[in-house]
Amino acid sequence: MIRVQEHDFDVGAELAALTAGNHQVGGLAVFVGLVRDMAGDRDIDAMTLEHYPGMTEKMLARIETEANERWPLEASLIIHRVGRLEPGEQIVLVAAASAHRQAAFDACQFLIDWLKTKAPFWKLEETGQGALWVDARDSDTAATERWSTPKKGAAE
Amino acid sequence: MIRVQEHDFDVGAELAALTAGNHQVGGLAVFVGLVRDMAGDRDIDAMTLEHYPGMTEKMLARIETEANERWPLEASLIIHRVGRLEPGEQIVLVAAASAHRQAAFDACQFLIDWLKTKAPFWKLEETGQGALWVDARDSDTAATERWSTPKKGAAE
Amino acid sequence: MKLLYFAWLKTKTGVAEEDVAPPPEVTTVAELLAWLQQRGPGHAEALADLSALKVAVNQEYAQPGDPVRPGDEVALFPPVTGG
Amino acid sequence: MKLLYFAWLKTKTGVAEEDVAPPPEVTTVAELLAWLQQRGPGHAEALADLSALKVAVNQEYAQPGDPVRPGDEVALFPPVTGG
């Protein structure tokens, strides 16, 4: 399941709904991304998340499908917020449930790694020096590349 | 923080408390272990988790300390239940919060891998064929060994 | 052809969205970008460094040699930074 | 010396906890285990395969050559299966 939304999400309720009634789930791996109040040496007052409506949902759905093809998942979830967020607020929730924990962990990491390099979101930080578009990080590209295989990728 | 308890835990409330007010946290990685209704080809009606009071807490605290020495964590949490649990119930919650997601993920995996091979818990499964003590899995030992370093380990 | 600009591409071009009709010899992503660089000073600045640019045609990532046609939705944006 | 048995060690010995006073020549974990194998049929069965056994002395994992002393708390259990 994927969702793009402005409002916050309730991690406990989302995870409970994800595995409710499915007694094949032995492990649930989850990642929550939060807004930090610093980036490098810049103080962050807030950030605004822009996205490409339509393509975002398409890419997230494809990333989720790819994870389900690579690992035997019982359930998966991606929720990403857009709009203005302040430090401490939740940005993204990804979760993968499987019979076994390694599949859950690997799929969860894959989901967030691919999301970070393939899903069309952009962060605009409000700092003391004005508003700055965040640069893509080489480490995110590297994190994604570890999942590449000779087979056809899910995106780009 | 570590806790061993009979009663269930509220994942959402635990995670919210873990990162509350800490705006240095950029990523929170979480693992929840659940009781499955099957193990191999056996149907599981329920399981009972036994532990070694005193040593359990000591080992969990040491595993948590070790994770905090290896990764720059803002917060960490291990909650493990004991007593009788039915399929679908939550067994364990581990969480690691860090400025960056890879540290959070690695620490979270480390916590659950080490817990599974070092913390004195034992599972007794109630099956159609009677009560069976669960055998330790070689894959868990292998999962732990990837974290071993020449330096002195936290346990055993 | 509908063009969409995101993040600093939008700031620099000054538009979020525009309808354009490139000449018929513009048939690929690379040719479209070269044509857009001539569209005005804002576009020239936004498109100065093509290595920093991602392009999606009809909501699919596209490479310089990929075709563009009248009626396509073409989006220009920097590398993504969500999550 | 206080002995604790967990999981199937407890089932097979029939006791969760017992106080024992091994002879003075029992000074290591290995010697304690050998002495316990003679303690009765339940103990003999529980301790038949020492390779399947973990030992903690005063709540720390111990190896066969590690010392045991009067007053120690010694726990015997199978490999752990929590999480």
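Within every chain, numbering begins at 1; the chains are lettered A, B, ... in the order of the sequence lines, protein sequences first and strands thereafter.
- Contact residues of residues 67-83 of chain C toward chain A are C:E73, C:A75, C:F77, C:P78, C:P79, C:V80, C:T81, C:G82, C:G83 (heavy-atom distance under 4.5 Å).
- A:M59 CE to C:Q59 CD: the interatomic distance, rounded to the nearest 0.5 Å, is 8.5 Å.
- Contact of A:D135 with chain C is made through the backbone alone, with heavy-atom distances under 4.5 Å.
- Chain C forms more heavy-atom pairs under 4.5 Å with one residue of A:F31, A:F121, A:W122 than with any other, namely A:W122.
- Close approach to chain C, defined as a heavy atom under 4.5 Å from one of its heavy atoms, is seen in A:I91, A:V92 of residues 86-102 of chain A, taken by number.
- Near-neighbour residues of residues 127-134 of chain A relative to chain C, defined by a heavy atom under 4.5 Å from a heavy atom of that chain, comprise A:W133, A:V134.
- Counting only distance, with no hydrogens or angles, the side chain of C:Y61 and the backbone of A:K118 share a donor-acceptor pair below 3.5 Å.
- Using a 4.5 Å cut-off between heavy atoms, A:K123 contacts chain C through both its backbone and its side chain.
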- Item | Candidate pair C:E60 and A:M55, rule side-chain contact (heavy atoms from CB on, under 4.5 Å), full reasoning | CA-CA 7 Å; C:E60 298 285 344; A:M55 183 169 171; over 6 Å; no
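- Residues from residues 6-37 of chain C that place a non-hydrogen atom less than 4.5 Å from a non-hydrogen atom of chain A comprise C:F6, C:A7, C:W8, C:K10, C:T11, given in numerical order.
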